[in-house]
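Numbering of residues begins at 1 and proceeds along the displayed sequence. Side-chain atoms are counted along with the backbone in the values below, which use heavy atoms only and exclude waters and symmetry mates. These numbers come from a predicted model, not from an experiment.
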Amino acid sequence: MTGNLVGADETLFRIVEAMAEAGPVGVTEVAKRLDLTKSTAHRHLQTLEARGYAVNDSGTYRLSHQWFHIGTAVKTRQPFYAASKEAVENLADRTQKTAWCAIEENGKLMFVNGAGSNPTHNPDLLVGDWSSITHTAAGKAILAHLPEDRLSEIIDADPAADDSLSPTDLRKELEYVRSRGYAVNQGEDISGIYAIGMPVVADERVFGSLSVASPSDALVTDDRDETLEYLASAVDRVEDVLASGEGSSRTPQPRSTTGPT
């Protein structure tokens, strides 16, 4: 696969990623960071500027809002985002916690929407960032319902895998998630943050997951039953919209959410 990559494109994307990480940069800094000649770095930065993807502030380059425009287009054209937007807001209002909408792409997890009057984290800071797919309730809810070949591919390639959760242990947990209908995060991804997540599946396709998060462990203990009821209701509504939008019918089935922690 790597033999078919275009070298100039690879360099350009490395520069974009470096700019996203470092913020405004000059030609010299880009060249040093990526081990490029100054002339090569300068040509790529000028190309980004000419195409509207970078802004030149007196010799210092930053990524432009053209990337935001493209990201917004990508997000809003996905049926899952559109179908879940209202449900996420309602879920946050009903639980008085933070509600999230997440998707899996290339084996990674991204929160594409979030809402909450008393958020555990400002949704604006986490939406659009990649998160662990194996250490979050949202991610585990998705993984548990993927086809076996896709699941194996993700587990084998997961860069976040470590000794704290072996592939064997992860598979056992995912079996448990499937049997009870939801996943739990007890501070595994971010210390002190607890979450419950459920998959969104329509027409045998896993679109993503909805989850609720809180800084209180009561979410996964004392408040679990009420939160699960609200979460299951939100997931059912989203699945109905997605199934209807794809021109197929779906009869809502009772969602099993029983089982101990």
What's the spacing between [X] [atom1] and [Y] [atom2] if we round to 0.5 Å?
X: Arg237; Y: Glu86; atom1: CZ; atom2: CD; result: 7.5 Å
X: Leu210; Y: Asp236; atom1: CG; atom2: CG; result: 10.5 Å
X: Ser166; Y: Ile155; atom1: OG; atom2: CD1; result: 10.0 Å
X: Arg77; Y: Thr72; atom1: CZ; atom2: OG1; result: 10.5 Å
X: Ile154; Y: Leu170; atom1: CD1; atom2: CG; result: 10.5 Å
X: Arg178; Y: Lys140; atom1: CZ; atom2: NZ; result: 13.5 Å

Would you tell me whether [X] and [Y] have side-chain atoms, one donor and one acceptor, within less than 3.5 Å of each other?
X: Ser39; Y: Thr37; value: yes
X: Thr60; Y: Asp57; value: no
X: Arg43; Y: Thr47; value: no

Residue among Val235, Val177, Ile196, Leu231 satisfying side chain to side chain contact (heavy atoms under 4.5 Å, CB included) with Tyr182: Ile196

Looking at side-chain heavy atoms only, is the closest gap between [X] and [Y] below 4.5 Å?
X: Val206; Y: Glu104; result: no
X: Leu12; Y: Leu48; result: yes
X: Asn90; Y: Tyr230; result: no
X: Val16; Y: Tyr53; result: no
X: Ile142; Y: Pro199; result: no
X: Leu34; Y: Thr40; result: no
X: Met110; Y: Ile103; result: yes
X: Lys97; Y: Leu219; result: yes

Counting N and O atoms only, with roles assigned by atom type, does the side chain of [X] sit under 3.5 Å from a partner on the main chain of [Y], one being a donor and the other an acceptor?
X: Thr98; Y: Gly116; value: no
X: Ser211; Y: Gly197; value: no
X: Ser244; Y: Asp240; value: no
X: Arg205; Y: Phe207; value: no

Results of side chain to side chain contact (heavy atoms under 4.5 Å, CB included) for Glu148 - residues two or more places apart only: Leu151, Ser152, Arg171

Side chain to side chain contact (heavy atoms under 4.5 Å, CB included) partners for Asp217, two or more places apart: Tyr194

Hey, is [atom1] on [X] packed in by over 12 heavy atoms from elsewhere, all under 6.0 Å?
X: Lys85; atom1: NZ; answer: no
X: Glu49; atom1: CD; answer: yes
X: Asp9; atom1: CG; answer: yes

Mutual orientation of the aromatic rings belonging to His42 and Tyr61 [parallel < 30°, tilted 30-60°, perpendicular > 60°]: perpendicular

Is there a path of hydrophobic side-chain contacts, each under 4.5 Å between heavy atoms of I/L/V/M/F/W/Y residues, joining [Y] to [X]?
X: Val112; Y: Val74; value: no
X: Leu36; Y: Leu63; value: yes
X: Tyr81; Y: Trp130; value: yes

Trace of the side chain to side chain contact (heavy atoms under 4.5 Å, CB included) decision for Val88 with Trp100: CA-CA 6 Å; Val88 168; Trp100 298 99; over 6 Å; no

Verdict with reasoning, Val55 to His65, per side chain to side chain contact (heavy atoms under 4.5 Å, CB included): CA-CA 9 Å; Val55 176; His65 281 76; over 6 Å; no

Could you list the donor-acceptor pairs under 3.5 angstrom formed between side-chain atoms of residues 17-30 and any protein atom two or more places apart in sequence or on another chain?
unit_1 : atom_1 : unit_2 : atom_2 : d
Glu29  : OE2    : Arg33  : NE     : 3.2

Of all heavy-atom pairs between [X] and [Y], which one has the smallest distance, and what is that distance?
X: Ser131; Y: Phe111; value: OG-CE1, 3.5 Å
X: Ser132; Y: Leu109; value: O-CD2, 3.7 Å
X: Phe80; Y: Cys101; value: CE2-SG, 3.4 Å
X: Ala183; Y: Ala141; value: CB-N, 3.7 Å
X: Leu242; Y: Ala202; value: CB-CB, 3.9 Å

Side chain to side chain contact (heavy atoms under 4.5 Å, CB included) between His44 and Thr11, intermediate numbers included: CA-CA 8 Å; His44 281 294; Thr11 300; 3.5 Å; yes

Salt-bridge present (Glu175, Lys172; N to O < 4.0 Å): no

Candidate pair Arg14 and Glu10, rule salt bridge (charged side-chain N to carboxylate O under 4.0 Å, His left out), full reasoning: CA-CA 6 Å; Arg14 287 176 61 212; Glu10 278 278 283; over 6 Å; no

From CA spacing to verdict: side chain to side chain contact (heavy atoms under 4.5 Å, CB included), Glu239, Val201: CA-CA 6 Å; Glu239 289 179 343; Val201 184; 4.1 Å; yes

